[in-house]
Each structure stands twice: as structure tokens, then as C-alpha cells.
Amino acid sequence: MKPMYGSYSIQADERGRMRIPSTYRAAFGDTKLYGFKNKKGCYIRIFGADVLEKLVDGFVGTLPLEECKRSAIIRRINSHIIDIEEDKQGRFTVPQTWREKIQFKKEAVFVGMGNSIELWAKEVYDAYELADEENDDDIDIEMDDFLANHMI
């Protein structure tokens, strides 16, 4: 899979259906897609079957399944994963409860995150970006360190 980056704004139709931007869809290829609503409900992460497989494999070999904390983590993750069902036109609908949780109305922003994408309500993402700009100095320093340690 090609890495996904950049961001795209889109509008949903009157029924809340939307398409994943073609650049991202092409990067996913023919893989089945899944969605995961983060705990705070800011966005929905969309990823392919390969990422789901790595996630499930990651559960193996960690703490014993009987360990309550591990079971709680696995339960929280698994109970918040949905199948992304695309129709013949390549559209999908985010469940109404999730749309309410992420405050999605009509406009959305997709953000590439390497091996997955995030789906944000445009208003929420714009507010996040504004708050992020206020912390630019701290983030720039951390970003410089990260890039220096991870680039060839």
C-alpha cells in the first residue's frame, strides 16, 4: 500500500453518504475497509484489512487475555470497529451515532496518516487546526526532532 498523506475537504449528500477521495482509495487498493471512532470522538480512523490484521496480531503475545486491563483494551478497540460498506458508486455512510459523536453535519475533511486516514467534521478539524497554530513553537521543535530521527 502506498502511504497516504495530505488532506481533502468533501461534502456528503443529503443522506450523509460520501466517497473516500480517489487518491486514498487508490492507495488502499481492493482491500476491505474498516472504521474506528476514537474515544474522544474527534474523528474516525479508516484503515484496510492489513492494518486490522496487524492490530489483531498485536493482541497476541501481550498480557494474558485473562488480565482485566488487556481485555478492557481489546474490548474497547474491537467494540468500536465497523465495516465500511461502499455502494456501487463507491459511497459509504457513517452511522448516525458516529456522525453525532464527531459533530459531522455536511462537510468533512479526510487527513492522510500513512497507513490510514482520518475523517473529521470540517468545523471540528478547523478548530483543531486553529488550536494547533497556537502551539506551533512547541510542535515545530518536536517535529524537527522527529524528522531528524526518522529521515534518511
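From a predicted model like this one, the values you see are computed outputs, not experimental measurements. FYI, the numbering just counts along the sequence from 1.
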task: Evaluate the criterion side chain to side chain contact (heavy atoms under 4.5 Å, CB included) for residue pair Ile10 and Arg19; output intermediate values, then yes/no.
output: CA-CA 8 Å; Ile10 61 110; Arg19 286 183 183 83; over 6 Å; no
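Within the model, atoms CZ of Phe47 and CZ of Phe28 stand 9.0 Å from one another, a figure rounded to the nearest 0.5 Å. A distance of 15.5 Å separates CZ in Phe104 from OH in Tyr125, rounded to the nearest 0.5 Å. Expressed to the nearest 0.5 Å, how far CG of Leu55 lies from CD1 of Ile77 amounts to 5.0 Å. Atoms NZ and OG, from Lys122 and Ser9 in turn, are 4.5 Å apart once rounded to the nearest 0.5 Å. Interatomic distance, Leu52 CG to Ile81 CD1, rounded to the nearest 0.5 Å: 5.0 Å.
With hydrogens and angles disregarded, no donor-acceptor distance shorter than 3.5 Å links the side chain of Thr31 to the backbone of Gly48. Listed for the Lys101 side chain is no donor-acceptor partner under 3.5 Å among the backbone atoms of Lys37. Distance alone, capped at 3.5 Å, places no donor-acceptor pair between the Lys2 side chain and the Ala27 backbone.
Between the side chains of Tyr8 and Thr23, at least one donor N or O sits under 3.5 Å from an acceptor N or O.
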May I have the list of side-chain donor-acceptor pairs in residues 92-99 shorter than 3.5 Å, sequence neighbours left out?
{"residue": "Gln96", "atom": "OE1", "partner": "Arg99", "partner atom": "NE", "Å": "3.3"}
{"residue": "Gln96", "atom": "OE1", "partner": "Arg99", "partner atom": "NH2", "Å": "2.2"}
{"residue": "Gln96", "atom": "NE2", "partner": "Glu100", "partner atom": "OE2", "Å": "3.1"}
{"residue": "Arg99", "atom": "NH1", "partner": "Val94", "partner atom": "O", "Å": "2.6"}

Which side-chain N or O atoms in residues 109-119 pair as donor and acceptor under 3.5 Å with protein atoms at least two apart or in another chain?
{"residue": "Ser116", "atom": "OG", "partner": "Arg45", "partner atom": "NH1", "Å": "2.9"}
{"residue": "Glu118", "atom": "OE1", "partner": "Trp120", "partner atom": "NE1", "Å": "2.9"}
{"residue": "Glu118", "atom": "OE2", "partner": "Arg45", "partner atom": "NH2", "Å": "3.0"}

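The pair Lys54-Asp50 fails the salt-bridge criterion, with no side-chain N (NZ, NE, NH1 or NH2) lying under 4.0 Å from an Asp/Glu carboxylate O. At a threshold of 4.0 Å, the pair Lys105-Glu123 does not count as salt-bridged, since none of the basic side-chain nitrogens sits closer than that to a carboxylate oxygen.
Both the sub-6.0 Å distance and the 45° axial angle are satisfied by Lys32 relative to the ring of Tyr34.
Asp87 meets the salt bridge (charged side-chain N to carboxylate O under 4.0 Å, His left out) test with Arg91; sequence neighbours excluded.
Counted within 6.0 Å of CD on Gln11, heavy atoms from surrounding residues, nucleotides or ligands total more than 12; the atom is thus considered enclosed.
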